[in-house]
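Below is one structure; the comments refer to it alone.
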Amino acid sequence: MRWSQAFIPTLRDDPADAEAASHRLLVRGGFIRQLMAGSYSLLPLGKRVAAKVERIIRDEMDAIGGQEFLLPVVHPAEVWKKTGRWDDVEGILVKFRDRRGADLLLAITHEEIFALLASEMSSYRDLPQIWYHIQTKFRDEPRPKAGLLRVREFTMKDSYSFDIDAAGLDEAFDRHYAAYTRIFERLDVEAIPVEASSGVMGGSDSAEFMVASESGEDDVAVCPNGDYAANVERATSRLDTVEDEPWDGPVERFATPGIRTIAALADAFDFAAGPQQVKSLVYMVDGEPVLVLLRGDHELMEQKLVDGMGTAHVRPAHPEEIRPLLGADPGSLGAVGVKDIRIVADPALAGRRNMVTGANEDDWHVRGVDLARDIAVDDWLDVRLVQAGEACPGCGAPLEIRRMIEVGHIFKLGTKYSDAVGARVLDEEGEERTIMMGSYGIGVGRNIAAVVENHHDDKGIAWPMSIAPYEAVVTIVKMDDAASVAAGETLYEALRADGVDVILDDRDERPGVKFTDAELIGIPYRITVGPRGLAAGEVELVERATGDVEQVAVADAARVVVERVRTAR
RNA sequence: CGGGACGUGGCGCAGUUUGGUAGCGCGCAUCGUUCGGGACGAUGAGGUCGCCGGUUCAAAUCCGGCCGUCCCGACCA
């Protein structure tokens, strides 16, 4: 490619509405342009990077026996009604009608369609299978943000495994785990696998691949010794046991005028420090009230409640719902003596005595509460948000909480979708068995963004060789110097002949402009050809990532660059 | 959905408080001088001031409604 003929609209200034480094640089470098919130056009440079990312993904999927499909992006409602997701998935699912009035939707993911196709298999001999596709999905996210990091329309590789039994599913899961590890290595992003919630999709053995970045949207609890890493949506920690002062008498009421918060109560009474209180929250779960109890100084992780209750229909109750239920406003609630409401308690409360909690009467609390004696807990469920500094469940070292970008997610689906669409096969005994499915996703655009988050400096992007839009740029410093032009052209042709992705900067621009652009768009190697070097029979080779500069004889330049590019691929 | 901010040539912004018919930098075009780290001079092109309505002799500016975008939170397959 000749730069003079390329569409690479670089910008001198940062776009005003971009915060994240990847967003800023991808726009400035002419890789992407926004069409609307959460929707971006890939320009030629962006498309080149995306194509390389896809090629790596395709490579690794094929290596574990994956077979590629191309699926429709508009689906009929009936298939989604079968799995219940037509009604269950709210908000992000775009629904519309065709001219006949048939209900349609824009695919947010493709479980239904793959499961439907899988129902054509009828024998255990057809299994196992790994199917994938790399396609556009549309999710009407409530808040797209940060450029390619969180969008509504995006390209994603989705794969699904089909097995006769759990052992087969385990095997498919492990293969994907290995494939993903290799993909992230090749993309040169530091992605770590972490335990995760599988969310509304349902499933078990969920692993997210996460890349540390301040622009991320997930918090991950990480053990500094590498013994543990989990999304805070499901992370746990080891807590010190609390030795409670004995309290022999019954529960005792005491007046707490105007006190509505844990902190205020702790300030007012020295026996009511945060860890000595029971925090009582009322949630509506599938329309039914549930009293959720935590230690006073602990916070609820709502996703854990969602996972534990097995339904996505979980929300905090409104004060108007709480008052008739418990007789008090939030701030004075408690579970002592409560019988008709389901009570879910965090295990950090187990065995605790001499606790303080609301009396279900405004301006009153109770002390001397013994969990086992005074509160009829229905379910013990870990619903606590892990805090930084708490002990790693593996080695006891203090956990760190880090912001991360989710770049991939793999989990075991089981039979939810195959059941719904009737994907069954006969096993060796002639018994009908429902196919076990696994689901494995990786976002193309989000990985591009993650790479940029990992590989940039104040000058711009520094792409890893594997996905750089061009592997080398030959920069002719002086376009009206015939010798420079001739040497540049020769080098350019030589590199092309050897299969290097090279662009020739033949623009009639000042050198500074050319250098700055090359650095902004992040081409790994720049070969500068100009009269100064040519006088000594040399060209200049600059490595973008390190800034290292070396002089190379004109005659050796092509060979050296080809070598460097090949080893770095 | 809650909170905040913004919308003026391609990009970044001023002008809005105090109404008088739009300006700056960059970019772009032409010419000249320059030329190994974002040159300089001259000339020039380019704007329904997000949209609709209202007030007024007159609206980028005041009022009402709507739309869009960004940030924080909620949410997130």
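Just so you know, these numbers use all the heavy atoms, side chains as well, and skip hydrogens, waters and symmetry mates. Not measured: the values here are computed from a predicted model. Below, read A as the first sequence line, B as the second, and so on, with proteins coming before strands; counting in each chain starts at 1.
The CD atom of A:Glu299 sits 13 Å away from the C1' atom of B:rG73 (whole-angstrom rounding). Separating the CD1 atom of A:Ile8 from the P atom of B:rC11 is a distance of 19 Å, rounded to the nearest angstrom. If you take CG of A:Asp140 and P of B:rG68, they are 11 Å apart, rounded to a whole angstrom. Put simply, CG on A:Asp17 is 10 Å from C1' on B:rC6, counting in whole angstrom units. Atom pair A:Glu141:CD and B:rC70:P shows a separation of 13 Å (rounding to whole Å applied). Across the protein-nucleic acid pair, A:Leu149 atom CG and B:rC71 atom C1' stand 15 Å apart, rounded to whole Å. As a whole-Å value, the separation of A:Arg143 CZ from B:rG2 C1' is 12 Å. In this structure, A:Glu217 atom CD and B:rG73 atom P are separated by 10 Å, rounded to whole Å.
Cation-pi geometry between A:Arg139 and A:Phe154 is not satisfied (NZ or CZ under 6.0 Å from the ring centre, within 45° of the ring normal). Judged by the 6.0 Å distance and 45° axis criteria, A:Arg526 is positioned over the aromatic ring of A:Phe515.
Between A:Leu93 and A:Arg85, the closest heavy-atom pair is CD2-O, 4.0 Å.
Within the nucleic acid shown, A:Arg33 has no heavy atom closer than 4.0 Å to any nucleic acid atom. Nucleic acid contact class of A:Ala535 (heavy atoms, under 4.0 Å, all strands): none. Counting any heavy atom pair closer than 4.0 Å across all strands shown, A:Arg28 reaches a base atom. When heavy atoms are screened at a 4.0 angstrom cut-off, A:Thr528 is found touching base atoms of the nucleic acid. Using a 4.0 Å heavy-atom criterion, one finds that A:Gly533 contacts the bases of the nucleic acid, with or without backbone contacts as well. Residue A:Glu112 is out of contact with every strand shown, counting any heavy-atom pair closer than 4.0 Å. Residue contacts shown for A:Arg139 are limited to sugar-phosphate atoms, with no base heavy atom under 4.0 Å away.
Nearest-nucleotide positions on RNA chain B for A:Val513 and A:Leu93 put A:Val513 closer to the 5' end. When each of A:Lys145 and A:Gly91 is assigned the nucleotide of RNA chain B bearing its nearest heavy atom, the one mapping closer to the 5' terminus is A:Lys145.
As the counterpart of B:rA29, B:rU43 is assigned, both hydrogen-bonding distances of the Watson-Crick or G-U wobble pattern falling under 3.5 Å. For B:rC49, there is no paired nucleotide, since no Watson-Crick or G-U wobble pair has both relevant distances below 3.5 Å. Under the Watson-Crick and G-U wobble criteria, each requiring two contacts below 3.5 Å, nucleotide B:rG20 is paired to B:rC57. Across the strands present, B:rA5 finds its partner in B:rU69; the criterion is a Watson-Crick or G-U wobble pair with both atom distances under 3.5 angstrom. For B:rU34, there is no paired base (Watson-Crick or G-U wobble, both distances below 3.5 Å). In a base pair of the Watson-Crick type (N1 to N3 plus N6-O4 or O6-N4) or a G-U wobble (N1-O2 and O6-N3), with each distance short of 3.5 Å, B:rA74 is matched with no nucleotide.
Comparing the P positions of B:rG46 and B:rG23 gives an interatomic distance of 13 Å, to the nearest angstrom. Between B:rC40 and B:rG53, the distance separating the two C1' atoms is 50 Å to the nearest Å. Distance check on atom C1': B:rA59 versus B:rG20 gives 10 Å, rounded to whole Å. Atom C1' of B:rC1 sits at a distance of 50 Å from the matching atom of B:rG37, rounded to the whole Å. As rounded to the nearest Å, B:rU61 and B:rU69 have C1' atoms that lie 22 Å from one another. Atom P of B:rU8 sits at a distance of 13 Å from the matching atom of B:rU48, rounded to the whole Å. Taking atom C1' in both B:rG19 and B:rU55, the straight-line distance is 11 Å, to the nearest Å. For the C1' atom pair drawn from B:rG15 and B:rC24, the interatomic distance equals 10 Å after rounding to whole Å.
Interface remark: the A:Glu519 side chain does not form any donor-acceptor pair with the B:rG38 base, using a distance-only criterion of under 3.5 Å.
For A:Ala37, counting side-chain heavy atoms from C-beta on, the closest listed nucleotide (B:rG38, B:rC70, B:rC75) is B:rC70. Comparing atom distances between the A:Met36 side chain and each of B:rA74, B:rG37, B:rU69 picks out B:rU69 as nearest. When each of B:rG12, B:rC11, B:rA74 is scored by its nearest atom to the side-chain atoms of A:Leu11, the top-ranked nucleotide is B:rC11. Of the candidates B:rC75, B:rG38, B:rA74, B:rC75 carries the atom nearest the A:Glu302 side chain, counting heavy atoms from C-beta on.
No side-chain heavy atom of A:Ile405 sits under 4.5 Å from any side-chain heavy atom of A:Met210. In this structure, A:Lys279 and A:His298 have side chains that are not in contact, with every pair of non-hydrogen atoms separated by 4.5 Å or more. You'll find the side chain of A:Val211 stays beyond 4.5 Å of the side chain of A:Phe184, heavy atoms only.
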Can you give one letter per nucleotide of nucleotides 25-35 of chain B, 5' to 3': B if a protein heavy atom sits under 4.0 Å from the base, S if only from the sugar-phosphate, - if neither? BSS------BB
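To the nearest 0.5 Å, atom CG of residue A:Leu149 and atom CZ of residue A:Arg446 are 7.0 Å apart.
In this structure, A:Phe31 has its ring center closer than 6.0 angstrom to the ring center of A:Trp463. For A:Tyr525 and A:Tyr470, the ring centers are positioned 6.0 Å apart or more.
A sub-4.0 Å separation between OP1 or OP2 of B:rC70 and a side-chain N or O of A:Gln34 is present.
A:Asp158 and A:Tyr160 share a donor-acceptor pair across their side chains, judged by distance under 3.5 Å alone.
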